[in-house]
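Only a predicted model underlies this, so the values are computations on that prediction, with no experimental measurement involved.
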Amino acid sequence: MTVDIAFVGAGGIAQWQHFDNLEAIDDARIVGVCDVDAETRESAAERFDAPAFSDHHDCYVETDPDAVFVCLPPFAHDDQEIAAAEHGYDLFVEKPLALSAEKAREIEAAVEANDVLAQVGYDWRYSAGVERAREILAGRDVGYVDGYWWGGVAGGEDHWWRHADKSGGQVVEQATHVYDTVRHLVGDVERVSAAGSHRIEDAVDFSDATSATMTHENGAISHVSTTCAAEDDKHGLEVVADGATLEVTEQSVSGVVDGEELDEEFDRNPYAAEVEAFVDAVASGDGAGLRSPYADARRTFELTLAVNESIADGEPVEL
């Protein structure tokens, strides 16, 4: 079957990845585009010969898609997902899920009540590097993971990313990929203790460096550091497990496994892989193979909120 898709939010990641990747899938068709910015929605609508909308409710009624891609900044989530779920439309939701745990839980409840598929855009789960690390670590006890997301400030002057009340800060909006991958490799977190500083980068109103130490339910420990004041990008994880010490990125795995040197590199677009998996799930009605269902992604989201809470209060947070 051809999967008809409507977009709510047609800038950013939609233009950068999702439009191109969906165009490469024969059984996917974009039938409607909604965005608050007129130029953005009209440009996308013209590209796909689809109608443009400023209101997602109108988009849903007039296009009646099989699925909806919600690609919005954290602060902009209102009832877009809830209304789609109530129409019976499957959902692909870009991270972060919102700004509050209450909103994410409200959306999750709507997804469950209406029995729709809901995938979240944690593309690292579809990367070849993380996939290979999961294979190596299967059946091994993980003792420690050290993750890092170091880079610069996103967006131009006055961009929403630079303001905590719109983005949630770097931990929630950006480094969430690392926190999610830590959970994906090790399991759920039961306690987090974090600290942050704001000494270098005046372009943001949140911590420009953070450090979080986590205790997992299975007894493993992990650590994630972030900064938006770095002169170069560095994204990845290092893992110490029974018989394996690894360095993992989206496109590589290296280290020592059972006494043997390992150095593997890959060439896969994880954004394309996650979108293809979602379209296949919608077409078949079977979401069992989706690697980042909404309910699981919500736990990552609440972990990042707990990191911010621990930084603000100076106390550990129990999850």
- Counterpart residues, ring-ring contact (aromatic ring centres under 6.0 Å, His included), relative to Y126 (two or more places apart): none
- Message: Please report the interatomic distance CG(L185) to CG(D180), rounded to the nearest 0.5 Å.
- Response: 9.5 Å
- Flag the pair V3 / D27 as yes when at least one side-chain heavy-atom distance between them is below 4.5 Å, and no otherwise. no
- Message: Taking the ring of F206 and the ring of H198, is the distance between their centroids below 6.0 Å?
- Response: no
- Task: Determine, for W160 and K166, whether the Lys NZ or Arg CZ falls below 6.0 Å from the six-membered ring centre while staying within 45 degrees of the axis.
- Result: no
- Query: Counting only heavy atoms not in E260, do more than 12 fall under 6.0 Å of its CD?
  - Reply: no
- Exercise: identify the closest heavy-atom pair between S254 and D263: CB-OD1, 4.0 Å
- Message: With a 6.0 Å cut-off on the ring centroids, do H18 and F92 count as close?
- Response: yes
- Scanning both residues in full, the closest heavy-atom pair of D66 with T2 reads OD2-O, 3.5 Å
- Query: If you group Ile, Leu, Val, Met, Phe, Trp and Tyr by side-chain heavy-atom gaps below 4.5 Å, do F301 and L99 land in one group?
  - Reply: no
- Note on the structure: Separation between CG (L262) and CZ (R132), nearest 0.5 Å, reads 6.0 Å
- Query: Within a reach of under 6.0 Å around CG of D49, are more than 12 heavy atoms found that belong to other residues, nucleotides or ligands?
  - Reply: no
- Taking NZ, NE, NH1 and NH2 as the nitrogens, is one of them in D188 or R183 under 4.0 Å from a carboxylate oxygen of the other? yes
- Pairing of R47 and D20 as salt bridge, 4.0 angstrom limit: yes
- How about F48 and F7: are their ring centres within less than 6.0 Å of each other? no
- Answer yes or no: is there an ion pair linking E131 with R134, defined by an N-O contact shorter than 4.0 Å? no
- Message: Test: salt bridge (charged side-chain N to carboxylate O under 4.0 Å, His left out). Region: residues 104-113. Which pairs qualify, not counting sequence neighbours?
- Response: K103-E106, R105-E302, E108-R298
- Query: Would a 4.5 Å heavy-atom cut-off, applied to side chains only, mark C34 and Y60 as touching?
  - Reply: no
- Which pair of non-hydrogen atoms, one from V172 and one from S167, has the smallest distance, and what is that distance? CG1-O, 3.8 Å
- Task: From the options E276, Q251, E250, Q17, select the one residue that forms a side-chain hydrogen bond (donor to acceptor under 3.5 Å, both in side chains) with N269.
- Result: Q17
- Item | Over 12 non-hydrogen atoms of neighbours within 6.0 angstrom of CD in E190 | yes
